[in-house]
J.: 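For reference, the structure I am asking about is given below.
Computed from heavy atoms alone, side chains included, the values below leave out hydrogens, waters and symmetry copies. In each ligand, atom 1 is the first atom listed, and ligand 1 is the first ligand listed.
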Amino acid sequence: MTSQRLVRPEPSEFSHHWQLAPRTVFLNHGSFGACPRLILKLQWELRTSMEAEPVQFLWRHYEDRLEPARQELARFIGAESKDLVFVTNATSGVNAVLRSLHLQPGDELLTTNLDYNACHNVLEETARAAGAKVVVANVPFPLKSADEITAAILEVVTPRTRLALLDHVTSNSAVIFPIEIIIRELTTRGVDTLIDGAHAPGMLSLNLRALNPTYYTANLHKWVCAPKGAAFLYVREDKQSQVQPAIISHGNNRPRPGFTPFQDRFDWAGTFDPSAWFCVGEAIRFMGGLLPGGWPEVYQRNHDLVMAARRLLCERWQVEPPCPESLLGSLAAIPLPERFQSLTPSGKIDAEQLRLYDEFGIEVPFNRFGQPERRWLRISAQLYNSTADYEYLAAALDRL
Ligand SMILES: Cc1ncc(COP(=O)(O)O)c(C=O)c1O
């Protein structure tokens, strides 16, 4: 069958704020986010100023734009600005922390089977270089309650566990970990926590003061909808002197009045385009201003939409939802129907995912994970999506 038989979904009332390709039904906000027009316009203006007066922009007045962005971010995530630095992505944040650790042979670094591959690689390399060991907690998925996550993690803690790398929201499986409880329990056991919150800001309400992790890194280019290259790293004050950025530059011996040595080291990583960082405050304001209830209404609307979509697809395919709705934000993983399970991998991107895009204009990821390995579809919901997008997806999948 062909896509002519399917009626393209009506765009949501908010979709005009984005410049996503009109031919695409974009159901993958989770991978790289998508930046609204107004924020891209601001970024363009900033870049114009940078190229008009590079030295003014990048050196003399650099902090005049950086610091307000940091202050607004601090308010948004419930942190002190002195404990925060911008980085270009969560991968850089994880690299900075892990590669700054002073490990002894036999030390253990804890992670879970649901962690993100790139960050897992950093953990492996850090452990290899120090003769330390990576210990993987086996979190069940599908799962029935948050307690199963906490129990799986605490079960593998030993006196040698130095640090746990934990996703706040997992990538392929899309589960929100109960990190408040996990951080508390690990801290009591003397284990440092590095929370990979790549998906968290803009998907759920964050309060780092209340969470009190040792380290927390997250993207702002995903659910806050800042331009690509906007992310942050929080380091608890007592650990800041030990953390070096992934890229060492001037800050190690050039202190600036009014900034901490931690900020000096991270604020400049060599010549680059800082316009994404400078847009962070406006992105927080813009997205939080689209609905009368502000950010809480954005979280709720996206959650409700992705839950309705998950119900629709699970009923259509007669599959069990793999976890309770309370463990999800605005992303959800759904097991693909049996007829998709036996197909063999066909390269970097699965053939069915390519067909959905080529034949129906749908951008949505297919993933493989779990023991035994299963195939999953991961859907995202952002303000530019509507229920009709997921009905269209369900109808298109029926035709594959
Ligand atoms: C849990 C998790 N960690 C880290 C990342 C990496 O993000 P980035 O490529 O922006 O560094 C992702 C990206 O999707 C993720 O889902």
J.: Evaluate T170 for polar contact with ligand 1, using N/O atom pairs at a separation under 3.5 Å.
T.: no
J.: I'd like to know if the side chain of Y384 pairs up with that of H16 as donor and acceptor (distance under 3.5 Å, no hydrogens or angles considered).
T.: no
J.: Using a 4.0 Å heavy-atom threshold (strictly under), name the region of D167 that reaches ligand 1: side chain, backbone, both or neither.
T.: side chain
J.: One thing to verify: whether K133 and E124 come together as a salt bridge, which I'm taking to mean a side-chain N less than 4.0 angstrom from a carboxylate O.
T.: no
J.: Which residue owns the protein heavy atom closest to atom 3 (N) of ligand 1, what's the atom, and how far is it?
T.: D196 OD2, 2.5 Å
J.: Would you mind checking which non-hydrogen protein atom is closest to atom 6 (C) of ligand 1, with the distance to 0.1 Å?
T.: Y116 CE2, 3.4 Å
J.: Look at the aromatic rings of W59 and H250 and report parallel, tilted or perpendicular, splitting at 30° and 60°.
T.: perpendicular
J.: Please identify which atoms of ligand 1 are closer than 4.0 Å to at least one heavy atom of A198.
T.: 2 (C), 3 (N), 4 (C), 5 (C), 12 (C), 15 (C)
J.: How far is atom 10 (O) of ligand 1 from its nearest protein heavy atom, and which residue and atom is that?
T.: N219 ND2, 2.9 Å
J.: Can you tell me the protein heavy atom closest to atom 16 (O) of ligand 1 and the distance?
T.: H199 NE2, 3.0 Å
J.: Does the residue H168 have a heavy-atom contact with ligand 1, meaning some pair of atoms that are separated by less than 4.0 Å?
T.: no
J.: Measure from NZ or CZ of R70 to the centre of the six-membered ring of F266, then state whether that distance is under 6.0 Å and the direction lies within 45° of the axis.
T.: no
J.: Of all the non-hydrogen atoms in the protein, which one sits nearest to atom 9 (O) of ligand 1, and at what distance?
T.: T91 OG1, 3.7 Å
J.: Could you tell me whether ligand 1 has any atom less than 4.0 Å away from a heavy atom of A90?
T.: yes
J.: To which protein heavy atom is atom 13 (C) of ligand 1 closest, and what is the distance rounded to 0.1 Å?
T.: K222 NZ, 3.0 Å
J.: Against heavy atoms of N89, which atoms of ligand 1 measure under 4.0 Å?
T.: 8 (P), 10 (O), 11 (O)
J.: Strictly below 4.0 Å, N to O, side chains only: are R256 and E63 in salt-bridge contact?
T.: yes
J.: Any side-chain donor-acceptor pair under 3.5 Å between Q300 and D304?
T.: yes
J.: With a 4.0 Å cut-off, would you call R399 and E359 a salt bridge?
T.: no
J.: Is the shortest N/O to N/O distance between S92 and ligand 1 below 3.5 Å?
T.: no
J.: Answer yes or no: is there an ion pair linking K82 with E237, defined by an N-O contact shorter than 4.0 Å?
T.: yes
J.: Just jot down the ligand 1 atoms closer than 4.0 angstrom to any heavy atom of H221, in number order.
T.: 10 (O)
J.: Does the side chain of W223 pick up a donor-acceptor pair with the side chain of H29 at under 3.5 Å?
T.: no
